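See structure below.
Lettering of chains follows the sequences in order, A, B, ..., and the numbering in each one begins at 1. Being a predicted model, the structure only gives us computed values, none of them experimental.
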Amino acid sequence: RIEKYLNNVKYVMSNIDADLDMCPVCGDTVSGYHYGLLTCESCKGFFKRTVQNNKSYTCSESQDCRIDKTQRKRCPFCRFQKCLRVGMRLEAVRADRMRGGRNRFGPMYKRHRALKQQKNALLQSHGLKAEYTPDLISPPTRTPFNFTNININTTPSDTITSDLHTQTHSGYSFYQNEPRHESPQYYHVSPLGALYSPVHAMAVIGDCSGIPGIPQAQCSGSFSAQGPALPHLLVEFLRCELDELQVRSKIIGRLEQMQGEGGSGGYGATHMYLMVDQMLFYIVEWARGSVFFKELKVSDQMKLLHHCWCELLVLDMVSRQLQHGRQGSLVLVTGQEVDLPALVSPAGPLLRTLVQKGQDLVESFRKLQVDRNEVVCFKFLILFNTDVKHVENQSFVENVKEQVHRALLEYTLCAYPQFLDKFDKLLLCWSDLCALSTLAEEYLCSKDICGEVPCNNLLNELLHAKHHSM
DNA sequence: GTAGCCTTGAGA
DNA sequence: TCTCAAGGCTAC
């Protein structure tokens, strides 16, 4: 009886939880999970009718009509586009119209519920209110959405998918790699099906991907323009950031000065090492002025910096490529762009690997839509590394690391509710970053041993400090 | 055509 | 047995 009572409570709570949500399409009350995400009853019905009957709509305006509860009937074209954009799944509409039962979204819904509860508990524990501003997610872009301008990397299973208006009853099983006869239910699939396939769409709530540089935070979820701001700690971290343009102009000035002094001519390897040295100078300056870090004893500060300078350097490079970089080129702190093939072709195997792995990491970051706030958290996670030995105030470092973890988790859950596992994936990226940093340090050490790294500078000192401590 | 309520049925 | 996300029905 107790178990039944608890189950009832759980059921009622989950309904209350759903009731508190608003449909990401029109803002009406959510009635449950429908076709991949929490929506209202009317959008569920609308989506079903559209897909089942191969409806084709046109928009009399400019294909960016506002869709809310009162106006959702006005433009079915824009309503359907919004359904797709927020993540409703064409594949979840059954081509065989079989009733009842379950589909493979079940575990996803379950996982989403659990994470939602976790998120709410986390927000409550931080005194934040989980609020939802549904129509802020629409439209994420003014670009008209159509079937032809989507560039998808097709997978083998996509090759038999088809256009919604021609072959929606292709009979292709949603259960990938299963022949039709093995599955009791068949699903509508179109090229969009691939776009919203489990591979691409962790989306169970609104999607603001596609707006470069603008996180979901500014579109929907718990952090709205008016709602609770970023986690307090993150705001503190952002305050510690150095002004990028100022740093750039100072570094350019310093390099020009050194060039004038005859220290380095042109833009060869020496120039690069001097630039790295300058980057390190500002990394140290950032750390020394940063919250928490400045509270540590200088000896502890040095130990932490000696351990992580290269990771911070790599993160700085990667985040710059993320922000300004283009395919096939490397953007330097000075704003100059270096052609990667030209850089790599005369290079040795170590530098080639380094460049390749760097590009891979940038790509991973890009795919994950890593934003500036997450990079800032990363910097503190790197700085407060609990693996560093002989730190006097170890408990302080551990405590800060834990706080940064929490802030990052809180931020990703609230700013990117459609990427519920973003935090985990960020941590995986972090380990890739550490591996890349090890490689970079190895490269710099080899160059230092060859005498290519200019002496008496910070880069030199940090390279030596690491060696001496080992 | 819309949307609220009903029925169904696989899976927990 | 219960749950809940599918499809169905029907008043509007």
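Neither OP1 nor OP2 of dA12(B) sits under 4.0 Å from any side-chain N or O of R102(A). Checking the phosphate oxygens (OP1, OP2) of dA6(C), a side-chain nitrogen or oxygen of Y109(A) falls inside 4.0 Å. At dG8(C), one or more side-chain N or O atoms of Q52(A) fall inside 4.0 Å of OP1 or OP2 (strictly under the cut-off).
Atom-to-atom, CZ of R99(A) to P of dT8(B) comes out at 6 Å; the value is rounded to the nearest Å. For the pair F47(A) CZ and dA5(C) P, the computed distance is 16 Å after rounding to whole Å. Remark: C1' of dA5(C) and OH of Y33(A) are 12 Å apart, rounded to the nearest angstrom. Rounded to an integer number of Å, the gap from R94(A) CZ to dT7(B) C1' is 13 Å. As rounded to whole Å, 7 Å separates atom C1' of dA3(B) from atom CZ of R72(A). Rounded to whole angstrom, the span from the CD atom of E91(A) across to the C1' atom of dA5(C) amounts to 15 Å. When rounded to the nearest whole Å, the span between CZ of R74(A) and C1' of dG1(B) equals 16 Å. As rounded to whole Å, 13 Å separates atom C1' of dC4(C) from atom OH of Y35(A).
Ring to ring, W430(A) and F380(A) are not that close: their centroids are 6.0 angstrom or more apart. No close placement of the F77(A) and F46(A) rings is indicated, their centers lying 6.0 Å or farther apart.
Using a 4.0 Å heavy-atom distance criterion, R49(A) is classed as a base contact. Within 4.0 Å of R79(A), counting heavy atoms only, lie sugar-phosphate atoms of the nucleic acid but no base atom.
Heavy atoms of other residues, nucleotides or ligands lying less than 6.0 angstrom from CD of E337(A) number more than 12. The local environment of CZ in R74(A) is sparse, with at most 12 non-hydrogen atoms from other residues, nucleotides or ligands closer than 6.0 Å.
With dG8(C), dA10(B), dA3(B) as the choices, the nucleotide that has an atom nearest any side-chain atom of M98(A) turns out to be dA10(B). With dG1(B), dA6(C), dG4(B) as the choices, the nucleotide that has an atom nearest any side-chain atom of S42(A) turns out to be dG4(B).
In terms of position on DNA chain B, the residue among K73(A) and K44(A) whose nearest nucleotide sits closer to the 5' end is K73(A). Sequence order on DNA chain B of the closest nucleotides to E41(A) and F46(A) puts F46(A) first from the 5' end.
Evaluation of atom-type donor-acceptor distances gives no pair under 3.5 Å for the side chain of K55(A) against the base of dG1(B).
Between I382(A) and the options C308(A), S437(A), C310(A), C377(A), a side-chain contact (heavy atoms from CB on, under 4.5 Å) holds for only C308(A).
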